[in-house]
There are 2 protein chains.
Amino acid sequence: MSAYGQFCPVAKAMELLDERWTMLVVRELLAGSSHFNDLRRGVPRMSPTLLSRRLRTLIRAGVVERQYDGNRTSYALTEAGQELGPIVNALGTWGMRWVPELGDEDLDPHLLMWDIRRSIDPDAASNGRTVLRFTFPMLRTNAKDWWVVVDPNGVGLCDFDPGFPVAVTVEADLRTLTKVWRGDLAWRAAVKSGGLTLHGPSALRRAVPEWLKLSGFADVPRPALAS
Amino acid sequence: MSAYGQFCPVAKAMELLDERWTMLVVRELLAGSSHFNDLRRGVPRMSPTLLSRRLRTLIRAGVVERQYDGNRTSYALTEAGQELGPIVNALGTWGMRWVPELGDEDLDPHLLMWDIRRSIDPDAASNGRTVLRFTFPMLRTNAKDWWVVVDPNGVGLCDFDPGFPVAVTVEADLRTLTKVWRGDLAWRAAVKSGGLTLHGPSALRRAVPEWLKLSGFADVPRPALAS
DNA sequence: CAGTATCCATTTCGATACTG
DNA sequence: CAGTATCGAAATGGATACTG
C-alpha cells in the first residue's frame, strides 16, 4: 500500500524515503552511527522493532549493508546510501530556514547530548581525560544529569556519574542549550540571558565553547523575516 | 502523531515532507500546475479529498499559497516552496539512479500523457495547429487513445477525438513509451524493437522526436552496474 | 549487544458519490 | 471547476516485555 503507481523517479524514490523515520535513520548513519544501539540513540523515540524493520527495508532497497565484523553487527551505507547525503543535508537546511519554531515536544535531552557528544573533538582534551558535566535543573527525569568524558581515544556519554573529576559543569535550560546547539541563539546571549551557566575554573570555562561544536546546520543563513 | 519529537532540522522538515503524496504534489506545482484539477492529473491515483487535505497542510506550513485570480482558484509555491525545487530534483535524480526498475503497477498512461503534453513546446507547431495521436493497443481501458493538440497558444490533451486531422499517430506499448520518456531506452531502439511505431507522412514522422521532449531526468547518468 | 514478539489504539487512506 | 462527505478496510506504529 505504499506504492504510488507512478513511473516518475521522484515517486519511486519517495516510495522508499517517505516512510516515517527512514530519513532520520539515514541521517544517523550518515552522522557515523553504525551499531543498532547507537542508531537507537539518534532516534530515541523510535521503537526497536520499527528501527529493525526500517533497516531491513533499507537493506532490501540497497541503501544499507549489514556487516558482521568479528562478533558485532554493524550497518553501513552503500553507494546509493551515501548519495542520500546531499539530500539529507538539503532537507536539514530547508528545515532550518523554514521550520524554525520548536515546540516543547521537540526538545529532547537524550538526543541533544547524543549530538553534542558526537561533535566533540577527542583531541580537545589535550592533556588526558577531561569530563564535562551537563545538568538541566528544570528536568525531573533521569535525563537531568550527563557526563561527557573526553579522552584522546574517544568521547563517551554517561547518564550516571562515572566518578572522574569534573572540569566544568554546564548548567542549562534545555531549550536554551538546544537553541545554542542549533545556532538559533549565540552562546554569549545564552549566558547573558541566564539560560546557560558555566561552573568551574575560569580558564576551563573559557575553553568550553572551543570543545563544544554546534550543529552542522548552525550556520545556515535564515531567510529574512517578513513582518 | 506525525511529529518526531526532535529538534533536528531534518526531522522538522520531514514532519511535513514525509507525508504520503506531499512531495509529489510539490513536484507537480514545481512542474507548473496551479489549478486543482491540473494537480490531480499529475497525481492520478490520489483522491481529491486527500489532495485537498495535503494542499491545506502545505498552506498552513507556508509552502503553498492559495490565490483567487478572477473566478478561479489557483495554488502557487511560496519562497519556501520554491526552495524545495533542488530537493525534488535531487530525489528524482536519486530515484533514476537507484530505483531503475518499473513494475507494471508503475505504468500509467494518464500520467505519461500528462507529462508528455507538458513537455511539448507549443512553438513546435510552426504552421498552425498540429495533432498527434497516441494509441496504446494493448490497453483495453478508456486510456487507450489520446490526442495531443499542439497550437501556438498552448498544448491540449484529449482522451477523445477532437476531430482535427491527425498529423502523426504514435502507436506504442505503454512500457516502451514510458521507458523512452524516462530515458531508459533510446527512441531508435524502441522503434527497432517494435514497441513503438509512427504512422503518417515521413517528413512529419521524422519531426516527432523534435517535439516530443523527454523527462527532465532522462539524462541523469546511471550508476555503473556491478554484476 | 542486537534485536523479536505481541497486541491493540489510532491513523490513514482509497473509493465513491455528491455539492455549490 | 473545485472541491466535500462518508465510510469501511488496512496498515501503521507505539509500548512493553522478552530472548539468544
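Computed over heavy atoms, backbone and side chain alike; hydrogens, waters and symmetry mates excluded. Below, read A as the first sequence line, B as the second, and so on, with proteins coming before strands; counting in each chain starts at 1.
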What's [X] touching, base or sugar-phosphate or nothing? Going by heavy atoms closer than 4.0 Å.
| X | value |
| --- | --- |
| B/Arg56 | sugar-phosphate |
| A/Thr49 | base |
| B/Tyr68 | nothing |
| A/Arg45 | nothing |
| B/Arg40 | nothing |

Counting heavy atoms from C-beta on, name the nucleotide in [options] closest to the side chain of [X].
| X | options | result |
| --- | --- | --- |
| B/Thr73 | D/dT4, C/dT4, D/dA2 | D/dA2 |
| A/Leu50 | D/dG13, C/dA2, D/dA2 | D/dG13 |
| A/Asn37 | C/dA2, D/dA17, D/dG14 | C/dA2 |

Taking only side-chain nitrogens and oxygens of [X], does any of them come within less than 4.0 Å of OP1 or OP2 of [N]?
| X | N | answer |
| --- | --- | --- |
| A/Tyr4 | C/dG14 | no |
| B/His35 | D/dA2 | yes |
| B/Arg53 | C/dT12 | no |
| A/Ser52 | C/dT4 | yes |
| A/Arg20 | D/dG14 | yes |
| B/Arg54 | D/dG3 | no |

* Output yes when B/Lys213 and B/Asp121 qualify as a salt bridge under the 4.0 Å nitrogen-oxygen rule, no when they do not. =>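 Between B/Asp121 and B/Lys213 there is no salt bridge, as every charged N stays at least 4.0 Å from the carboxylate O atoms.
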
* Asked: Is it true that A/Asp184 and A/Arg182 have a side-chain N and a carboxylate O under 4.0 angstrom from each other?
  ->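 Between A/Arg182 and A/Asp184 there is a salt bridge, with a charged N closer than 4.0 Å to a carboxylate O.
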
For the pair made of [atom1] in [X] and [atom2] in [N], what is the distance, rounded to whole Å?
| X | N | atom1 | atom2 | value |
| --- | --- | --- | --- | --- |
| B/Asn71 | C/dG20 | CG | C1' | 14 Å |
| A/Glu19 | C/dC13 | CD | C1' | 15 Å |
| A/Leu51 | C/dG3 | CG | P | 9 Å |
| B/Gln67 | D/dC1 | CD | C1' | 17 Å |
| A/Ile59 | C/dG3 | CD1 | P | 8 Å |
| A/Asp18 | D/dT12 | CG | P | 11 Å |
| A/Leu55 | C/dG3 | CG | P | 8 Å |
| A/Glu105 | D/dG14 | CD | C1' | 15 Å |

* **Canonical and wobble pairing (Watson-Crick, G-U, under 3.5 Å) of DNA chain D, dot-bracket with |** => ||||||||||||||||||||

* Under 30°, 30 to 60°, or over 60°: which ring-plane class applies to B/Phe36 and B/Tyr75, parallel, tilted or perpendicular? ->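 Taking B/Tyr75 first and then B/Phe36, their aromatic rings sit tilted (interplane angle of 30° to 60°).
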
Would you check if the side chain of [X] reaches a backbone N or O of [Y] as a donor-acceptor pair within less than 3.5 Å?
| X | Y | value |
| --- | --- | --- |
| A/Gln6 | B/Gly42 | yes |
| B/Asp115 | B/Leu112 | no |
| A/His110 | A/Ala143 | no |

* Asked: From A/Glu28 CD over to A/Leu51 CG, what is the distance, rounded to the nearest 0.5 angstrom?
  ->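 Result: 10.0 Å between the selected atoms.
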
* Between A/Leu107 and A/Arg45, which heavy-atom pair has the shortest distance, and what is it? ->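 Shortest heavy-atom separation between A/Leu107 and A/Arg45 comes out as O-NH2, 3.6 Å.
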
* **First of B/Asp38 and A/Met46 reached from the 5' end of DNA chain D, by closest nucleotide** =>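 The residue mapped nearer the 5' terminus is B/Asp38.
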
